[in-house]
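Everything below concerns the one structure shown next.
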2 protein chains.
Amino acid sequence: MEDREAASVSTQKLHSMDSLKAACANCNLRELCVPGGIPIEELVKLDAIVAMRRRVKRGESLFNVGEKFRSLYAVRTGFFKTRITSNDGRDQITGFQVPGELLGFDGVATEHHGVDAIALEDSEVCILPYNELERIARDFQPLQHQLHRVMSREIVREQNVMLLLGTMKAEERVAAFLLNLSERYRHLGYAANEYVLRMTRQEIGSYLGLKLETVSRSFSKFQEQGIIEARGKNIKLLKMEALRKLISATKS
Amino acid sequence: MEDREAASVSTQKLHSMDSLKAACANCNLRELCVPGGIPIEELVKLDAIVAMRRRVKRGESLFNVGEKFRSLYAVRTGFFKTRITSNDGRDQITGFQVPGELLGFDGVATEHHGVDAIALEDSEVCILPYNELERIARDFQPLQHQLHRVMSREIVREQNVMLLLGTMKAEERVAAFLLNLSERYRHLGYAANEYVLRMTRQEIGSYLGLKLETVSRSFSKFQEQGIIEARGKNIKLLKMEALRKLISATKS
DNA sequence: TCGCGGTTTTGATTTTCATCAACAAGTCAT
DNA sequence: ATGACTTGTTGATGAAAATCAAAACCGCGA
């Protein structure tokens, strides 16, 4: 449990195309995982420490609660969920991560991961060893600043989830969820109004603080209203404006 | 709105004992706002940039949504709440801050504050100009690392609030809230089983995703059960173990 | 292709909490 | 100290979502 990183890198390398050399300078996700104007020569330095990639199969975890924190991860391809678990066995999905997004910031505080990160489809991540990241960030302020920005962005994101969980009704939450996914796919260059869900209704419910039946009913209702088309995991947003209106409902 | 900092520092100085020179090296909260082993000579550098303190009266805000982000703030004395507001006027309290805690990380991402920070009693904060903080953190890794740890801690805290909001029933939330405050007061050296609430039932409710009546009813019920004594804002925790048990209820 | 396990939908019922309302208790300013 | 206003308590009722249950659907491996 304490040393999954080293173990998986060495063992998996033998089996699959695991642990490829990364190359930030060429990565087409660069603007997402390391946005801002970082010049090419500094990206080369980043390459030097972003030593490895790692593949994670669907259903497997990238890291688990309690594991020693060593690295951040940038999702290259695939889809992840992060899940927090309490002493007494409650759990809650705290986020879904798409390509270009960073994982693992929860581990910095305690040096141990506070959530599980689980692949919802076969995925690949870049491994960013944290000590080295801090070291080169020290010599190069823009990277340091960027690191802070990304952490801050995560704080802001979570605050917005708190707002959702604390103040929104079931259908509003579901609408917000669909629009949020849409926005993120759009940002990745995919269609904003049509996508395939990678997670189950149960997982959506866990993220939104709802039961799976409630999520399903919301989908059905939106469908009846002609706002979306939902056949299983295939989602089409037919009236995005209607979805937006649902969120900003008559709520003082 | 854009330049509250400069304005308040210069104007308030004339009136009150505002804007005192800070002194991290002597501050008895040092272990809280800058824990870890930062040697005294580096604290002097920190002093050099932690130029000012600022007083905020009860009900006034330290900063507001949309204001330009310039500084982090360390609570020296008093009590704050942070509040996020959505487009359509929903709002939610995202946290309460006691002495030794840092405020303002939400502003790093966008360079503008994403929440309001409002004093719930007359308070005093140290102003930590962010640019300078980044600059000296660069020359001194332990400080940089500490900064990361504090941000990460905030991420973890918010994840736990998400868990609370997503999975707990009303009384469980209230119990968790009381215990959390207790723990934080204890950490400050105050009694863990007896304290005065600084916020209203409405504000507690907002934080917990509940209505004020529900909070009030939970208090009353705990009181009937002899678990707490609540007379207005004065709280005594009579059976902490019972409170803990309430949280880890029979929930698969 | 068939059948199986997991997922999703839909319905009926129950639980929880919000809402509405009235009053009590505190707090503040004068 | 007094009155006005805010905050808190408690009760009655209603709305929203959870729970329980059954059936339909889907994807996958034998």
Q) Between the base of dG8(D) and the side chain of R231(B), is there a donor-acceptor distance below 3.5 Å? A) no
(Q) Any N or O donor-acceptor pair under 3.5 Å from the base of dC20(C) to the side chain of E213(B)? (A) yes
When you check the phosphate oxygens OP1 and OP2 of [N], does a side-chain N or O of [X] lie under 4.0 Å from one of them?
X       : N       : answer
K233(A) : dT8(C)  : yes
S216(B) : dG8(D)  : no
R201(A) : dT9(C)  : yes
T214(B) : dT16(C) : no
K169(B) : dC17(C) : no
T200(A) : dG6(C)  : no

Q) Within a radius of less than 6.0 Å around CZ of R244(A), do more than 12 heavy atoms belonging to other residues, nucleotides or ligands occur? A) yes
What is the distance from [atom1] of [X] to [atom2] of [N], rounded to the nearest Å?
X       : N       : atom1 : atom2 : answer
Q202(A) : dT8(C)  : CD    : P     : 9 Å
R58(B)  : dT7(D)  : CZ    : C1'   : 11 Å
K211(A) : dT7(C)  : NZ    : P     : 15 Å
E171(A) : dA17(D) : CD    : C1'   : 11 Å
E121(B) : dT27(C) : CD    : C1'   : 16 Å
L197(B) : dT7(D)  : CG    : P     : 14 Å
E172(A) : dA18(C) : CD    : C1'   : 14 Å
K221(A) : dG11(C) : NZ    : C1'   : 16 Å

Q | Side-chain donor-acceptor pair present, T94(A), E158(A), cut-off under 3.5 Å | A | no
Q. Which one, dT19(D), dT9(C), dA18(C), comes nearest to the side chain of L212(A)?
A. dT9(C)
Q) Ignoring hydrogens and geometry, is there a side-chain-to-backbone donor-acceptor pair from N64(A) to D116(A) under 3.5 Å? A) no
Q | 5′-ward residue of the pair R217(A)/N234(A) relative to DNA chain D | A | R217(A)
Q.
Mind checking if L210(A) touches a base, just sugar-phosphate, or nothing, with heavy atoms under 4.0 Å?
A. sugar-phosphate
Q: Classify the nucleic acid contact of G205(A) as base, sugar-phosphate or nothing, counting any heavy atom under 4.0 Å across all strands shown.
A: nothing
Q.
Can you confirm whether or not the ring centre of Y73(A) sits under 6.0 Å from the ring centre of F80(A)?
A. no
Q. Where does the angle between the aromatic ring planes of F79(B) and F96(B) fall among parallel (under 30°), tilted (30 to 60°) and perpendicular (over 60°)?
A. tilted
